[in-house]
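Each ligand, and each atom within it, is numbered from 1 in the order the structure gives. Predicted model only: the values in this text are computed from it and were never measured. As a basis for the values below, the full set of heavy atoms in this structure was taken, side chains included, without hydrogen atoms, waters or symmetry mates.
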Amino acid sequence: MQEFGETIFAEMSALAVRTGAINLGQGFPDVAGPGAMLEVAVEAIRSGEDQYPPGPGLPELREAVAAQRLQRYGLEYDPAAEVFVTVGATEGVAASVLALAGPGDEVIVFEPYYDSYAAVIALAGAVRRTVTLRPVEGRFTFDPDELRAAVGPRTRLILVNSPHNPAGAVFTREELGTIADVCREHDLIAVTDEVYEYLTFDGTEHIPLATLDGMRERTVSVSSAGKTFSVTGWKTGWVTAPARYVRAVQTVKQFLTYAVNAPYQRAAAYALGNELAWVEELRTSLQGKRDRLISGLEAAGFTAYRPQGTYFVQADIRPLGFSDGMDLARALPDKAGVVAIPTQVFYDHAEAGAHFVRFAFCKKDEVIDEAVARLARLG
Ligand code: PMP
Ligand code: GLN
């Protein structure tokens with residue numbers, strides 16, 4: 001694991017703390033989640049919910065997740081056998097990759113990829129193959145031929161993150177159809193990371209890959225409470241999949257952490273059942289923040305890509321005369337008092353992403369305004 005070192009999120013958040021710069025790097029909201037949900041967690045602690053919960057998760061949360069998948073997407077999962085709870089989506093993805101890919105197997109990821117994917121593929125002893133997302137008419141997408149060319153005899157899994165961090169793309173039915181075709185033709189399993197499932201804009205619909213023809217049977221879907229309810233520190237996630245995959249993934253998960261903290265499971269179950277109106281307000285407010293950040297970045301001279309989902313904007317730094325996002329991100333606190341994430345660390349083909357930095361907009365309006373005012377001095 002030596003090549004992995006410290007994550008870019010830890011490095012850039014530490015830089016923000018050290019310099020006092022505005023942190024638009026690591027994605028975490030600066031306002032609290034729904035009050036009643038927080039009270040459920042407090043009450044669970046007060047009432048002594050302190051011991052190990054069941055390994056697969058509290059039945060209440062597994063039932064709430066099954067109900068959510070059914071109501072929102074028409075996907076049916078048996079809460080007893082096809083849903084289980086993980087320490088955030090991060091553990092859900094990790095346990096899935098460790099369970100389903102072995103040494104020498106190949107795993108396809110779309111780059112830029114979320115950093116933990118590369119690390120966990122390495123932990124599994126597997127090999128990652130990347131398919132590059134590139135901007136076409138303002139939106140990041142992939143070339144279907146590149147995806148087909150990435151498949152080989154050892155390919156086992158494809159990791160699909162939509163809405164996509166950091167590119168902001170929400171895969172269309174057509175794009176998902178291409179992925180589904182490849183999975184069916186080559187007998188691949190898909191692991192989907194849907195943590196931004198509610199955070200889509202301008203009426204863009206999040207379509208779970210599992211809803212496509214023949215895909216429920218070969219898809220392991222992962223999501224979590226962190227983004228949906230603005231509690232990224234709770235690390236409470238879940239996996240839904242056919243029972244045989246759930247058994248495999250759970251066999252791994254039980255030796256990573258055995259179980260997931262009980263009070264937050266209780267609260268996440270409550271929130272899934274009762275706080276979706278709150279989430280809709282969050283979504284609307286984030287759409288405004290997205291537009292606010294983009295106007296500011298454009299005024300400051302960046303080329304900004306308007307995301308269809310997530311709370312991140314990709315900004316091209318070349319119009320400002322910079323070429324290396326890593327150099328700029330490390331210098332940005334001094335130059336402008338702002339922290340961003342250099343997107344190139346999420347690429348194998350670094351040249352495809354060298355000129356992007358990622359800004360988060362899950363922040364109070366006044367924080368975004370101050371950050372873009374500072375960035376305007378860059379030019
Ligand atoms: N996947 C993606 C794409 C993410 O952006 C994040 C970060 N929040 C996670 C997974 C991690 O989710 P969790 O905190 O639930 O582990
Ligand atoms: N998902 C968050 C982001 O992309 C970071 C999570 C982390 O720090 N690992 O900013």
Side chain, backbone, both or neither: V195 near ligand 1, heavy atoms under 4.0 Å: side chain
Those atoms of ligand 2 less than 4.0 Å from some heavy atom in F312: 3 (C), 4 (O), 10 (O)
Short N or O distance, G27 and ligand 2, threshold 3.5 Å exclusive: yes
Residue pair T192 / E194, side-chain donor-acceptor N/O under 3.5 Å: yes
Salt-bridge contact R129-D348 (side-chain N to carboxylate O under 4.0 Å): no
Minimum-distance protein heavy atom relative to atom 14 (O) of ligand 1: K235 NZ, 2.9 Å
Atoms in ligand 1 with a heavy atom of N161 nearer than 4.0 Å: 3 (C)
Can you give each donor-acceptor pair under 3.5 Å made by side-chain atoms of residues 77-88, sequence neighbours left out, with the distance rounded to 0.1 Å?
unit_1: D78; atom_1: OD1; unit_2: A80; atom_2: N; d: 2.9
unit_1: E82; atom_1: OE1; unit_2: D78; atom_2: N; d: 2.8
unit_1: E82; atom_1: OE1; unit_2: R216; atom_2: NH2; d: 2.9
unit_1: E82; atom_1: OE2; unit_2: R216; atom_2: NH2; d: 3.2
unit_1: T86; atom_1: OG1; unit_2: G88; atom_2: O; d: 2.8

Min heavy-atom dist Y196 to ligand 1 below 4.0 Å: yes
Residue-ligand contact A89/ligand 1, heavy atom below 4.0 Å: yes
Ligand 2 contacted by Y114 (non-hydrogen, < 4.0 Å): yes
Under-4.0 Å heavy-atom contact with ligand 1, by part of S224 that carries it: side chain
Parallel, tilted or perpendicular: rings of Y264 and W234 (30°, 60°): parallel
Nearest non-hydrogen protein atom, atom 11 (C) of ligand 1: T90 OG1, 3.3 Å
No-hydrogen, no-angle side-chain donor-acceptor test under 3.5 Å, Q308 and D202: no
Short N-O contact, E11 and R330, less than 4.0 angstrom: yes
Test of proximity, K227 against ligand 2: N or O pairs below 3.5 Å: yes
Any T7 heavy atom less than 4.0 Å to ligand 2: no
Any donor-acceptor N/O pair, K289 side chain to K363 backbone, under 3.5 Å: yes
Protein heavy atom at shortest distance from atom 8 (N) of ligand 1: K227 NZ, 1.9 Å
Proximity of N165 to ligand 2 by residue part, where a heavy atom lies under 4.0 Å: side chain
R69 vs E197, salt bridge (Lys or Arg N to Asp or Glu O under 4.0 Å): CA-CA, chis, key distance, verdict: CA-CA 11 Å; R69 297 305 281 182; E197 61 187 307; 3.4 Å; yes
Atom 1 (N) of ligand 1 [closest protein heavy-atom partner, distance rounded to 0.1 Å]: D193 OD2, 2.5 Å
Residue part near ligand 2, for R358, under 4.0 Å between non-hydrogen atoms: side chain
Close-contact set for ligand 1 against N165 heavy atoms, below 4.0 Å: 3 (C), 4 (C), 5 (O)
